[in-house]
Amino acid sequence: MKKVKKILVINGPNINLLGLREPEIYGAKSYADLLAFIDAVAKEAGAEAECFQSNSEGAIVDKIQQAHGKFDGIVINPAAYTHTSIAIPDALKAVGIPAVEVHLSDISKREAYRRISYTSEACRATIAGKGFEGYGEAVRFLTEAAR
Ligand code: DQA
């Protein structure tokens, strides 16, 4: 019997405000809708997803550290910390859990400061500009990779 893969999904600052926040960029669906979407995708992929959201860089680093030995993969949308944090990719590298970076919007086609991602080099893949579906692709990627 195949072991159920455990995937940790981390969302950074302001992702809890989906629906309210710049809907022309991030869509009209809420964070609760995103959680339901991830749950459904994970079940379909034969995985179990735990979702975590924080507006604080340190809390995200703590969560990554605590994932060591407990999760088979990490899906991470570090939000604005993508472009500023070195501690987050350092933590991903430290625990060595396969990770995929996701962005709802296409960060390559927005402001110049969003084109730099410090997170990417600690991730196996980056998926951007596909809305919720990006999380689906990332969960499936990690479920396959972790088998
Ligand atoms: C984002 C893109 C970031 O530049 C931004 O700061 C976010 C969300 C995205 O999902 O498109 O908060 O990560």
Side-chain angles (χ1 to χ4, degrees), residues 5-45 47-68 70-146:
K5 300 298 171 189
K6 292 190 74 184
I7 309 293
L8 175 62
V9 182
I10 299 178
N11 279 293
N14 302 307
I15 301 295
N16 55 321
L17 295 186
L18 283 181
L20 168 71
R21 173 188 190 205
E22 300 177 276
E24 65 287 359
I25 297 174
Y26 299 111
K29 289 187 175 163
S30 67
Y31 180 62
D33 294 332
L34 177 61
L35 296 184
F37 176 84
I38 291 168
D39 195 50
V41 161
K43 282 199 180 107
E44 213 175 288
E48 200 177 278
E50 178 182 317
C51 294
F52 172 80
Q53 188 277 331
S54 178
N55 296 322
S56 145
E57 182 179 10
I60 293 170
V61 170
D62 287 343
K63 192 70 188 177
I64 295 168
Q65 290 187 4
Q66 289 155 11
H68 181 64
K70 297 199 186 97
F71 288 92
D72 303 298
I74 296 178
V75 174
I76 184 161
N77 180 352
Y81 291 135
T82 306
H83 321 296
T84 61
S85 174
I86 293 168
I88 290 173
D90 276 356
L92 289 170
K93 287 183 203 162
V95 297
I97 300 170
V100 174
E101 175 186 13
V102 171
H103 299 284
L104 293 154
S105 66
D106 186 352
I107 52 172
S108 71
K109 299 215 167 72
R110 297 182 61 194
E111 299 92 332
Y113 59 81
R114 293 189 205 274
R115 287 183 209 139
I116 292 165
S117 167
Y118 293 111
T119 309
S120 331
E121 65 166 48
C123 291
R124 297 201 176 180
T126 297
I127 303 165
K130 297 187 174 177
F132 282 13
E133 191 42 48
Y135 291 85
E137 277 186 26
V139 166
R140 287 190 291 273
F141 178 98
L142 287 168
T143 308
E144 292 304 313

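Note that ligands are numbered from 1 as they come in the structure, with each ligand's atoms numbered from 1 the same way.
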message = Using the rule given for salt bridge (charged side-chain N to carboxylate O under 4.0 Å, His left out), can you reason through Arg114 versus Glu111, listing the C-alpha separation, both sets of side-chain angles and the distance that settles it, and then say yes or no?
response = CA-CA 6 Å; Arg114 293 189 205 274; Glu111 299 92 332; 2.6 Å; yes
inquiry  = Strictly below 4.0 Å, N to O, side chains only: are Lys5 and Glu48 in salt-bridge contact?
reply    = no
query = With backbone taken as N, CA, C and O and side chain as the heavy atoms from C-beta onward, which portion of Ile25 lies under 4.0 Å from ligand 1: side chain, backbone, both, or neither?
reply = neither
inquiry  = Would you say that more than 12 heavy atoms from the other residues, nucleotides or ligands in this model lie under 6.0 Å from the CD of Glu22, or not?
reply    = yes
message = Just to check, does Asn14 reach to within less than 4.0 Å of ligand 1 when the distance is taken from its heavy atoms?
response = no
query = Does a salt bridge link Glu50 with Lys70, judged by any charged N lying under 4.0 Å from a carboxylate O?
reply = no
inquiry  = Suppose we measure from atom 11 (O) of ligand 1 to each protein heavy atom; which comes out shortest, and what is that distance?
reply    = Ser105 OG, 2.6 Å
query = Is the closest side-chain donor-acceptor distance between Asn11 and Tyr135 under 3.5 Å?
reply = yes
For atom 1 (C) of ligand 1, the protein heavy atom that lies nearest, with its residue and separation = His103 ND1, 3.8 Å
ask   = For atom 5 (C) of ligand 1, what's the nearest protein heavy atom and its distance?
value = Arg114 NH1, 3.3 Å
request  = Do me a favour and list the nearest non-hydrogen protein atom to atom 2 (C) of ligand 1 with residue, atom name and distance?
outcome  = Ile107 CG2, 3.7 Å
remark   = min-distance protein heavy atom vs atom 9 (C) of ligand 1 -> Leu104 N, 3.4 Å
Non-hydrogen atom of Arg21 closer than 4.0 Å to ligand 1 = yes
inquiry  = Looking only at protein heavy atoms, which one is nearest to atom 4 (O) of ligand 1, and what is the separation?
reply    = His83 NE2, 2.7 Å
ask   = Does NZ in Lys93 sit with more than 12 non-hydrogen atoms of other residues, nucleotides or ligands closer than 6.0 Å?
value = yes
